[in-house]
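Structure first, commentary second.
All residue numbers in this chain count up from 1 along the given sequence.
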Amino acid sequence: VFYVIGSGPNGVAAAAAALDEGRPVTMLDVGQTLEPDRLAEVHRLQVLPRSDWPAETLARLQGPSSTANGDLPLKRAYGSTFPYAFEEMARDSQQGTRCLQSFAQGGLSTVWGAAVLPSRERELVNWPSAATDLQASYASVARLMPLAAAVDELRESFPLYGPTLPALRPSRQAALLLEQLRSSKTALGDAGITFGQSRLAVRSVPAAEGSCQYAGLCLTGCPHFAIWSSRDTLRQLHARPGFTYRDGLRVDELDVTKQHGVVIRATSSSGQRLSFDAERVLVACGPLATARLLLHSLRAYGQRRTLAYQPYFLLPMMAARSVRGVENEALHTLAQVFLEIDNPAISPYAVHLQVYTYNPLIGARVERLARLMGPLARPVKRYLNGRLLAVQGYAHSTEAEGITLVAQPNGGDGRPRLELRGLAAAAPVVARTVRLLAEMRRAIGAGPLTTLMEIGLPGDGNHCGGTFPMRDTPGELESDITGQLPRLPGVHVVDSSVLPSLPATTFTYTVMANADRIARTVARSART
Ligand SMILES: Cc1cc2nc3c(=O)[nH]c(=O)nc-3n(C[C@H](O)[C@H](O)[C@H](O)COP(=O)(O)OP(=O)(O)OC[C@H]3O[C@@H](n4cnc5c(N)ncnc54)[C@H](O)[C@@H]3O)c2cc1C
Ligand code: SF4
């Protein structure tokens with residue numbers, strides 16, 4: 001039996017691939033879920049027309065829109081923080097970094113932004129060449145998760161692999177932006193900027209059950225569950241012969257023995273110690289939990305590892321043209337437009353920008369600002385809401401020195417704690433990107449509000465990995481092209497921990513494709 005640890009996107013991608021290849025799979029997972037009272041409230045909303053949703057229920061399910069110091073709060077799902085493993089995170093120290101861990105059923109995909117784009121081969125820097133052919137795996141993953149995508153300008157550089165659903169309807173602000181970008185296509189192309197409608201893992205077939213109804217709550221939890229999370233795929237896996245799921249189990253250690261293959265040692269939620277004999281183990285706990293598990297299993301304490309991350313920034317932009325009434329528009333509030341910058345003066349690799357138009361978080365910030373304006377509050381609100389855009393930007397991991405990660409043996413319960421230390425975030429690539437956006441403001445039809453930009457700490461943006469990078473000839477704490485470390489034969493890491501570098505053009509789709517590739521390769525070789 002193949003064991004898969006974790007039910008996040010990479011766990012389900014690996015499990016589905018191993019099942020496809022005829023291997024029985026048991027998935028072990030901590031598997032925390034949304035509190036039942038919150039879930040019941042979501043179900044009550046679903047049967048009511050949008051106009052009848054009680055304000056107090058909505059407020060509870062949306063959670064706070066700011067923290068005490070005015071910062072954006074941690075993204076919640078239906079007002080809940082269940083996606084985050086706070087207790088686990090508390091045992092670790094983070095100096096100058098902000099990295100997350102999840103013990104949720106569905107992992108961080110229960111709260112993700114669903115932005116999906118494949119990586120081009122040339123962005124897979126330092127990857128062993130035998131690991132870079134991901135086309136078939138992108139197509140396999142596209143069969144697992146819905147992919148709402150337009151056939152537009154992005155297609156030339158970023159092909160659509162596998163089946164797609166119709167693109168979501170862009171907001172009116174996004175439609176205006178796309179129209180402007182199309183009218184400046186040549187000038188933008190000369191600056192190395194391509195663009196297109198965002199590609200999103202969202203069920204988008206109009207009027208189909210469970211499809212997007214433009215309720216506008218995407219950033220706080222979709223009441224129609226139209227945004228894909230790997231729980232959706234987990235539900236489908238339950239129906240497949242050979243698949244077993246066991247939640248309430250935290251895997252603590254992997255022990256490779258001659259007699260039993262790999263012995264998995266786990267602790268149940270009631271504190272019971274359990275062990276399982278596995279033919280192969282596919283590890284998909286997310287980069288920090290995977291590092292804890294592997295470094296503990298190898299007793300590799302005190303050794304410095306590097307956790308790569310994508311430099312991240314959040315930049316408000318002001319559009320030249322305004323759209324009225326956005327506050328009452330039926331729209332989705334995920335990324336609306338992707339801009340890809342391929343310009344060697346900015347970075348040798350693509351910088352990926354996701355543009356968001358009006359959403360309740362922008363509305364709440366504008367509201368707070370407008371309150372200071374006294375009698376001018378209303379016109380200020382109207383002016384800003386109809387023009388403000390928010391851009392999330394990501395650069396290639398080679399643009400930043402990675403986070404230092406060390407496991408120490410004294411976590412209190414026999415398991416290690418992790419020490420993370422980050423250097424100041426990589427400002428040069430961000431500064432170059434923002435300068436280019438300012439130069440291109442006419443072509444884009446919007447200019448950056450540079451003084452309001454926030455540059456993320458290392459780990460912000462939630463795209464980290466590369467602790468045990470794949471190599472043609474792996475060292476002691478590196479992996480081969482099936483994510484296997486020399487001293488842990490039979491254990492294959494399938495999450496971002498094995499990426500030799502992290503391309504900026506979204507993240508999870510490529511990691512899932514790599515998980516699919518590894519699981520298929522291992523399943524096929526185990527059969528022969
Ligand atoms: C707010 C937010 C927005 C994001 N938006 C995007 C986006 O738009 N596009 C994108 O590409 N990516 C996005 N991401 C990143 C994306 O969510 C992650 O890349 C992805 O979830 C990683 O998948 P994973 O399967 O490796 O791990 P995770 O999702 O972290 O799941 C880990 C799984 O392992 C289990 N687990 C952990 N440790 C153990 C253990 N010891 N024993 C047993 N089980 C264990 C957990 O229960 C969980 O099921 C976002 C992330 C966040 C937080
Ligand atoms: S707009 Fe967002 S919250 Fe509303 S149904 Fe669509 S995906 Fe869900």
Side-chain angles (χ1 to χ4, degrees), residues 9 98-99 108 112-127 132 134 138 153-154 156-159 188 191-201 287 306-315 334-356 390-403 422 425-437 440 448 453-466 469 495-514:
R98 206 149 34 202
C99 299
L108 290 173
W112 78 323
V116 169
L117 206 61
S119 303
R120 291 167 298 190
E121 221 172 300
R122 67 183 142 102
E123 309 276 339
L124 305 179
V125 183
N126 298 330
W127 286 45
T132 56
L134 293 175
Y138 281 128
E153 290 80 356
L154 282 178
E156 210 172 291
S157 306
F158 301 93
L188 291 168
I193 302 177
T194 46
F195 59 88
Q197 207 180 327
S198 58
R199 293 191 195 162
L200 298 168
T306 300
L307 181 67
Y309 69 93
Q310 294 175 348
Y312 166 79
F313 63 94
L314 183 62
L315 174 72
L334 297 167
Q336 294 273 354
V337 173
F338 288 169
L339 293 171
E340 309 305 327
I341 303 180
D342 258 319
N343 179 330
I346 307 299
S347 169
Y349 309 109
V351 173
H352 170 72
L353 305 179
Q354 298 179 178
V355 185
Y356 296 75
V391 173
Q392 280 192 305
Y394 301 85
H396 199 281
S397 64
T398 49
E399 290 287 357
E401 232 174 277
I403 295 166
V429 66
V430 176
R432 291 192 295 271
T433 303
V434 176
R435 255 197 317 273
L436 179 69
L437 291 176
M440 301 304 293
M453 175 168 66
E454 290 171 36
I455 300 184
L457 285 178
D460 262 334
N462 312 298
H463 298 182
C464 306
D495 63 23
S496 63
S497 310
V498 296
L499 266 49
S501 69
L502 282 48
T505 53
T506 87
F507 176 63
T508 308
Y509 191 25
T510 294
V511 193
M512 289 174 78
N514 192 53

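Annotation: the span from Glu121 atom CD to Trp127 atom CH2 amounts to 10.0 Å, rounded to 0.5 Å. The CG atom of Leu154 sits 9.5 Å away from the CD atom of Gln197 when rounded to the nearest 0.5 Å. Remark: Ile346 CD1 to Leu436 CG distance equals 4.5 Å, nearest 0.5 Å. With values rounded to the nearest 0.5 angstrom, Phe158 atom CZ is found 9.5 Å from Tyr138 atom OH. Distance check, rounded to the nearest 0.5 Å: CD of Glu340 to CZ of Phe195 gives 11.5 Å.
Between Asn343 and Ile193, every side-chain heavy-atom pair lies at or beyond the 4.5 Å cut-off. The side-chain heavy atoms of Val434 and Val430, taken from C-beta on, include a pair separated by under 4.5 Å. Proximity of Leu134 to Leu124: side-chain heavy atoms (C-beta onward) are separated by under 4.5 Å at one or more points. Looking only at side-chain heavy atoms (C-beta outward), Asn126 and Pro469 stay at 4.5 Å or farther from each other. Residues Leu353 and Phe313 are in side-chain contact: their nearest non-hydrogen atoms beyond the backbone lie under 4.5 Å apart.
A search for side chain to side chain contact (heavy atoms under 4.5 Å, CB included) contacts involving Ala350 returns Arg120, Glu123, Asp342, Thr505, not counting sequence neighbours. Residues meeting the side chain to side chain contact (heavy atoms under 4.5 Å, CB included) test with Ser397, sequence neighbours left out: Ala308, Ser501, Leu502. Remark: Thr194 engages no residue in a side chain to side chain donor-acceptor pair (under 3.5 Å) (not counting sequence neighbours).
Nearest heavy-atom pair across Pro503 and Ser119 is CG-OG, 3.4 Å. Contact detail for His352 and Ala504: the closest heavy-atom pair is CB-O, 3.4 Å. Scanning both residues, Pro287 and Cys464, for their nearest heavy atoms gives CG-O, 3.7 Å. The minimum heavy-atom distance between Pro311 and Glu399, with the atom names listed, is CG-CB, 4.1 Å. When all heavy atoms of Tyr356 and Gln392 are compared, the pair lying nearest together is OH-OE1, 2.8 Å. Summarising the geometry of Gly459 relative to Ile403, their closest heavy-atom pair is N-CD1, 4.1 Å, with the distance given to 0.1 Å.
Using a distance-only test at 3.5 Å, with no hydrogens or angles considered, a donor-acceptor pair links the side chain of Ser198 to the main chain of Ala335. Thr506 places a side-chain N or O within 3.5 Å of a backbone atom of Leu117 that can act as its donor or acceptor partner.
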>> Please evaluate residues Asp460 and Leu314 with respect to the criterion side chain to side chain contact (heavy atoms under 4.5 Å, CB included), reporting the C-alpha separation (whole Å), side-chain torsions for both, the decisive distance (0.1 Å), and the verdict.
In response: CA-CA 10 Å; Asp460 262 334; Leu314 183 62; over 6 Å; no
> Under the side chain to side chain contact (heavy atoms under 4.5 Å, CB included) criterion, do Arg199 and Tyr509 qualify, and how do the steps go?
Replying inline: CA-CA 11 Å; Arg199 293 191 195 162; Tyr509 191 25; over 6 Å; no
>> Evaluate Thr508 against Val116 for side chain to side chain contact (heavy atoms under 4.5 Å, CB included), listing each step before the verdict.
In response: CA-CA 7 Å; Thr508 308; Val116 169; over 6 Å; no
> Are Leu315 and Thr433 close enough, and set up right, to give a side chain to side chain contact (heavy atoms under 4.5 Å, CB included), and what steps lead you there?
Replying inline: CA-CA 11 Å; Leu315 174 72; Thr433 303; over 6 Å; no
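When only modelled atom types and interatomic distance are considered, Tyr312 and Gln310 share no side-chain donor-acceptor pair under 3.5 Å.
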